[in-house]
Amino acid sequence: MTLTGVGGVGKTRIGRRASVDLARAFKDGVWFVELADVEDPDLLGQTVSRAVGLKVGAAEWSISVLTDFLAQRRALLVLDNCEHLIQACADLVDEVLMACPGIRVLTTSQRALGLTSEAIFQVPPLSLPAEGGVDPGMVHHYGAVRLFVERARALRPAFELTQDNSVDVIELCRALDGIPLALELAAARIRVLSPQAMVDRLNDRYQLLSHGYAGRVPDRQRSLEASVQWTFDLCRDAERRLWAVLSVFRGGMGLEDVEQVAPAAGIEDVLNGLTGLVEKSVLLRDDDGEQVRFRMLESIRLYGEQRLEASGDAERVRELHLQHFLAVAERCGREWIGPDQVAWLERLRNDQPNIRTALQFCVDRADAEHACRIISSLEGFWLAAGLVREARLWFERVLPLVSDDDRGQAPVWRIAAIRVAAWFALIQVDMVTAARLVDDMERLARGSDDDATVAHVLMARGLLVAWEGDAARGQSLIEQSVELHRRVGNMADLAFGMVIDGMLLGFDGEVEHACQVQSEVVALTEQRGELYYHSYALSMIGALSLDPKAPERSREMLQKCLRMKRQLDDRLGIASSMEFLAWVAAVEGRPERAATLLGMATATWRSIGISVDVLPFFSVRHAEGEEAVRRMLTVGQFEKAEAHGEKMSLETAISFALGEAKETPRPAATAGPAQPSPLTRRETEVASLVTEGLTNQEIADRLVISIRTAEAHVENILRKLGVSSRHAIAAWSMGRNDLE
């Protein structure tokens with residue numbers, strides 16, 4: 001087996017620990033061979049021979065000397081740091097394994113040996129708290145935080161993880177990717193820097209992490225830069241150039257992204273370069289079963305970025321990165337009304353850091369056109385992902401960069417960008433900004449004979465007028481816009497306009513006409529395999545046609561819509577669906593369910609920066625629905641149910657709204673801590689393997705222990721749990737996993 005991983009991730013430490021833990025499983029012992037200081041491949045065999053106790057001169061050594069010695073032994077041979085001697089190590093290990101059946105070999109290396117008999121284990125970084133709020137009392141459960149605190153205390157015993165410094169410690173651990181070497185080097189600064197001061201210096205992390213521990217530490221582990229430089233030196237020239245180019249990506253990249261950017265940047269053999277960087281753990285490979293993506297740990301990426309800057313090619317590579325993601329965004333805009341919406345949303349969520357990088361590059365060089373084209377093309381993504389606030393922030397940075405030249409007709413991209421910006425302002429009921437933007441549109445488009453431009457202007461003015469209270473005039477303008485979009489063939493804007501038109505008709509009391517319009521949207525989108533506007537149209541039909549005598553029809557339609565919204569992870573659509581389902585529950589005479597759904601909807605509205613209390617048309621219906629529910633409950637009952645809904649996780653809330661969960665699911669906060677396990681760590685591991693269905697012999701093989709030891713563990717587990725069968729062990733183990 002080869003333990004692989006980026007430099008500093010802890011491969012050597014795990015190898016040493018394994019050599020100690022496994023000693024009893026090998027009757028002839030364990031040999032740990034350090035290879036970091038062996039530079040000449042011809043000296044490998046003698047180094048290994050000396051480590052196992054053979055005294056052989058250089059002239060006398062041959063592989064048979066080593067294999068003859070090991071042939072009848074049952075032992076573990078650990079070769080540490082093989083990456084710079086990869087071919088020599090592969091040859092030696094292959095010979096040993098063929099000639100010595102009782103020998104097992106464990107190697108640590110930044111790249112695999114490439115043998116058919118090799119099993120590879122990618123050593124992951126230490127565990128990190130997820131993004132978002134973290135309970136300070138729970139941070140010690142994460143390996144990265146625990147290691148930093150332990151090392152910091154060793155140097156400054158008074159150091160404690162507190163409510164005040166825990167946020168900085170968590171941010172530091174995340175920024176350092178949970179890499180043990182980086183965390184230890186950071187902890188070494190605790191004598192002069194607070195965690196907050198370290199976070200403030202992360203932009204120059206190689207300087208921050210340039211001083212470590214004295215003593216018997218390899219040179220490459222005395223600083224973060226030395227560790228990464230060791231990896232860089234292992235790469236071929238082509239791999240180094242690719243490393244530098246790929247540093248322009250943030251958050252990861254797909255193969256298509258690499259194949260578009262790297263060749264244009266002068267990298268010819270992309271596939272072999274990628275393979276080499278993955279083998280050397282420069283790139284980490286993520287595979288969700290449907291697509292493969294590659295990513296760099298931030299410290300690795302920053303090193304490549306330094307090399308890219310030094311090459312003088314950084315500006316050109318960033319331009320290529322921008323052009324690629326502009327093309328991705330515009331392709332998404334063209335294909336948005338189609339069967340690939342879910343795939344597009346998944347891709348864009350993965351590429352959100354790259355989109356931000358491309359937009360920032362535009363801002364830095366005052367490139368308003370490309371930025372506006374990206375933001376406008378991703379209108380559906382910003383809405384579905386609940387990122388309206390972020391999109392508006394980008395518009396606030398970009399639109400002022402547009403030169404106001406009245407000598408000619410404003411370009412279509414500018415008109416489209418202002419229309420999207422105005423719509424996002426209206427969603428957040430920022431009427432002042434929306435009015436200014438719509439006025440700008442009309443001024444810039446004055447005299448235009450381009451149908452698409454005129455349609456955008458009519459849509460924006462219609463939305464503004466409707467939001468300001470003149471629904472009839474707003475609806476008239478929107479219908480004119482819809483007809484122009486129908487003539488142009490712009491399906492996305494056509495569907496959007498029709499959904500809004502139908503909503504205004506319905507809220508104005510023309511329910512039958514409204515449902516006809518929404519049904520047309522359903523037909524238009526269904527034949528294209530589209531979900532986003534299709535589900536909105538369904539939700540409006542369900543909400544507007546709610547019949548007190550047969551509310552189940554609306555409930556079924558709204559739940560169908562919510563399933564689509566869950567598939568899209570459309571936060572705006574999820575919020576509105578929950579809101580409408582609350583109205584249905586009130587009509588059905590289920591007030592506690594209705595109050596819970598209102599709480600869920602409110603929390604979801606809030607998470608995307610929208611207040612339903614002031615949202616035109618919705619606010620009146622929301623107030624009426626809430627008042628109806630309050631009349632059926634006491635104040636305490638309503639507030640308890642509403643608060644319960646607000647505290648639910650999004651997935652739990654969706655399950656509740658769909659009827660997949662019980663009406664009164666137990667709040668997570670009331671769940672007590674799991675009882676301490678009666679089993680040791682090793683017994684828990686064995687219980688897990690029993691749950692997988694492994695026999696005692698298979699457990700022994702998996703854990704590299706004797707079968708007698710495996711049998712003893714199983715007997716101890718049965719006794720401690722007070723059960724008599726392996727099935728009972730499995731039931732206990734699965735039940736415990738559910739609690740955790």
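Positions are given from 1 along the sequence.
- Counting heavy atoms of neighbouring residues, nucleotides and ligands inside a 6.0 Å radius, atom CZ of Arg621 exceeds 12 of them.
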Evaluation steps, side chain to side chain contact (heavy atoms under 4.5 Å, CB included), between Leu274 and Leu255: CA-CA 9 Å; Leu274 276 176; Leu255 180 59; 3.5 Å; yes
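- Inter-residue side-chain proximity for Phe325 and Asp351 is flagged as met; some heavy-atom pair is nearer than 4.5 Å.
- Side-chain contact check for Val584 versus Leu558: some heavy-atom pair is nearer than 4.5 Å.
- Of the possible polar contacts, none joining the Ser535 side chain to the Cys561 backbone as a donor-acceptor pair under 3.5 Å is found.
- In this structure, the side chain of Ser576 engages the main chain of Gly573 through a donor-acceptor pair within 3.5 Å.
- Without hydrogens or angle criteria, Gln518 side chain to Leu538 main chain gives no donor-acceptor distance under 3.5 Å.
- The pair Arg295-Asp286 meets the salt-bridge criterion, since a charged nitrogen lies less than 4.0 angstrom from a carboxylate oxygen.
- A salt bridge is absent between Asp439 and Arg443; no separation between the charged side-chain nitrogens and carboxylate oxygens falls under 4.0 Å.
- Atom-to-atom distance recorded for Ile610:CD1 and Leu615:CG is 6.5 Å, nearest 0.5 angstrom.
- Annotation for Glu512: atom CD does not count as buried by contact number, only 12 or fewer foreign heavy atoms lying within 6.0 Å.
- At a cut-off of 3.5 Å, with distance as the only test, a side-chain donor of Glu390 or Gln352 sits close to an acceptor on the other residue.
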Derivation of the side chain to side chain contact (heavy atoms under 4.5 Å, CB included) call for Leu322 and Ile374: CA-CA 10 Å; Leu322 164 63; Ile374 290 174; 3.8 Å; yes
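- The shortest distance between side-chain heavy atoms of Trp605 and Leu572 falls below 4.5 Å.
- Considering only heavy atoms from C-beta on, Leu359 stays 4.5 Å or farther from Val363 through its side chain.
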Ser619 vs Val612, side chain to side chain contact (heavy atoms under 4.5 Å, CB included): CA-CA, chis, key distance, verdict: CA-CA 6 Å; Ser619 59; Val612 72; 5.8 Å; no
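- Put simply, the side chain of Glu660 does not reach to within 4.5 Å of the side chain of Phe656, judged on heavy atoms.
- Expressed to the nearest 0.5 Å, how far CG of Leu283 lies from CZ of Arg293 amounts to 12.0 Å.
- In this structure, CG on Leu426 lies 9.0 Å from CG on Leu437, to the nearest 0.5 angstrom.
- Although no hydrogens or angles enter the test, the distance criterion places no donor-acceptor pair under 3.5 Å between the side chain of Thr652 and the main chain of Met648.
- Side-chain contact check for His534 and Glu526: no donor-acceptor pair (N or O, by modelled atom type) lies under 3.5 Å.
- For the residue pair Ser519 and Ile541, the shortest heavy atom distance occurs at OG-CD1, 3.7 Å.
- Considering only heavy atoms from C-beta on, Arg349 comes within 4.5 Å of Asp569 through its side chain.
- With respect to the salt-bridge test (charged N to carboxylate O, under 4.0 angstrom), the residues Glu305 and Arg301 qualify.
- Within the 3.5 Å criterion, the main-chain N or O of His485 finds no donor-acceptor partner in the side chain of Asp493.
- Between Tyr536 and Phe496, the distance from one ring center to the other does not fall under 6.0 angstrom.
- Formation of a donor-acceptor pair under 3.5 Å by the Thr433 side chain with backbone atoms of Asp430 is not found in this model.
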Candidate pair Trp344 and Phe381, rule ring-ring contact (aromatic ring centres under 6.0 Å, His included), full reasoning: CA-CA 8 Å; Trp344 269 117; Phe381 167 66; over 10 Å; no
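- Shown here for Ser545 and Arg553, the closest heavy-atom pair between the two residues is OG-NH1, 3.5 Å.
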Side chain to side chain contact (heavy atoms under 4.5 Å, CB included) evaluation trace for Phe424 with Arg419: CA-CA 9 Å; Phe424 287 170; Arg419 196 271 303 169; over 6 Å; no
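- Arg593 has no carboxylate O lying under 4.0 Å from a charged side-chain N of Glu642, or vice versa, which leaves the two without a salt bridge.
- A salt bridge is defined here as a Lys NZ or Arg NE, NH1 or NH2 lying under 4.0 Å from an Asp or Glu carboxylate O, and Arg606 with Asp613 fails to meet this definition.
- Listed by first and then second residue, the salt bridge (Lys or Arg N to Asp or Glu O under 4.0 Å) pairs that reach into residues 476-491 are Asp451-Arg487, Glu483-Arg486, Arg486-Glu520, sequence neighbours excluded.
- Ion pairing between a basic and an acidic side chain is recognised when a charged N comes within 4.0 Å of a carboxylate O; Arg250 and Glu298 show no such pairing.
- No donor-acceptor pair under 3.5 Å is formed between the side chain of Asp340 and the backbone N or O of Ala343.
- For Glu530 (side chain) and Tyr533 (main-chain N/O), a donor-acceptor pair under 3.5 Å exists by modelled atom type.
- Using a 4.5 Å heavy-atom threshold, the side chains of Glu579 and Met600 count as separate.
- Annotation: the span from Met491 atom CE to Arg528 atom CZ amounts to 5.0 Å, rounded to 0.5 Å.
- How far NZ of Lys560 is from OG of Ser577: 13.0 Å, rounded to the nearest 0.5 Å.
- Nearest heavy atoms, Ser376 versus Ala417: OG-CA, 3.1 Å.
- Not one N or O on the side chain of Gln475 forms a donor-acceptor pair closer than 3.5 Å with the backbone of Ala466.
- Closest approach of Leu242 to Val270, counting heavy atoms only: CD2-O, 4.1 Å.
- Checked against the 6.0 Å centroid threshold, His321 and Phe249 count as a close aromatic pair.
- Contact between Ala455 and Ser481 at its shortest, heavy atoms only, is O-OG, 2.8 Å.
- Between Arg414 and Glu369 there is no salt bridge, since no side-chain N of the basic residue sits under 4.0 Å from a carboxylate O of the acidic one.
- When each of His370, Glu319, Arg356 is paired with Phe361, the side-chain contact (heavy atoms from CB on, under 4.5 Å) condition holds for Glu319 and for no other.
- With Gln559 contributing its side chain and Ala657 its backbone, the two residues share a donor-acceptor pair below 3.5 Å.
- The minimum heavy-atom distance linking Gly474 with Val465 is given by the pair N-CG1, 3.7 Å.
- Interatomic distance, Leu348 CG to Gln341 CD, rounded to the nearest 0.5 Å: 11.0 Å.
- Listed by chain and number, the residues in a ring-ring contact (aromatic ring centres under 6.0 Å, His included) with Trp583 are Phe580 (sequence neighbours excluded).
- Between Arg373 and Leu326, some side-chain heavy-atom pair lies under the 4.5 Å cut-off.
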